[in-house]
Amino acid sequence: MKILPWFYPALGVKRWLLLALAGIFLIIVGIAVAYDAQLLGLLENWFTLLIINLFGFGAHRWGGVIVMAAGLVVTAFALAKAGQALIRPLAVDPKGKMKTIYQRQYLRRGPKVVVIGGGTGLSVLLRGLKEYTSNITAIVSV
């Protein structure tokens, strides 16, 4: 299975994966600050000073634990949202074809069109509009 199609625009996956990476980074920073692990070098020193300024000098270990807990919460939230963004299109298309999933999401975001009329021209117009949006309302007079 190809991974690149999951990063197409309008699928709503990229933002949650980036937020999960930010949460993992917070977890690493929290561990490094709480245990003086020297994992991140200068970046860790900067975060240690920031946490000391926020929580006080003696509480930098607890500050690291708080940052680590915040990272866990952010990561869990982001992964839950990414899971929802991935499951929603798959629930609609059980085959899971990426082209169909992307096309459905793209058409869902299309313009809203209302068509009033009748005759053979309306059916041709609606058939053409189906390629650009799924938000079509037609009022057909007989």
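Heavy atoms only: backbone and side chains are in, while hydrogens, waters and symmetry mates are out.
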Value for CD1 (I24) from OG1 (T75), rounded to nearest 0.5 Å, stands at 5.0 Å
Minimum heavy-atom distance A78-A20, with the two atoms named: CB-N, 3.4 Å
Quick check for you: to the nearest 0.5 Å, what is the distance between S141 atom OG and L122 atom CG? 8.5 Å
Shared ILVMFWY cluster between V115 and V140, side chains joined below 4.5 angstrom? yes
If hydrophobic clusters are built from ILVMFWY residues whose side chains come within less than 4.5 Å, do V74 and I27 share one? no
Over all heavy atoms of both residues, which pair between I31 and M68 is shortest? Give the atoms and the distance, please. CG1-SD, 3.3 Å
How many angstroms lie between atom CG of L17 and atom CG of L79, to the nearest 0.5 angstrom? 7.5 Å
Ring pair (Phe, Tyr, Trp, His ring centres under 6.0 Å) filter on F77, not counting sequence neighbours, yields W16
Does P111 offer a backbone N or O that forms a donor-acceptor pair with the side chain of T133 under 3.5 Å? yes
Shortest non-hydrogen contact between L126 and A138, atoms and distance: CD1-CB, 3.7 Å
Any link between F25 and I66 through a network of hydrophobic side chains (Ile, Leu, Val, Met, Phe, Trp, Tyr) touching at under 4.5 Å? yes
Using side-chain heavy atoms (C-beta onward) and a distance below 4.5 Å, is T137 in contact with V113? no
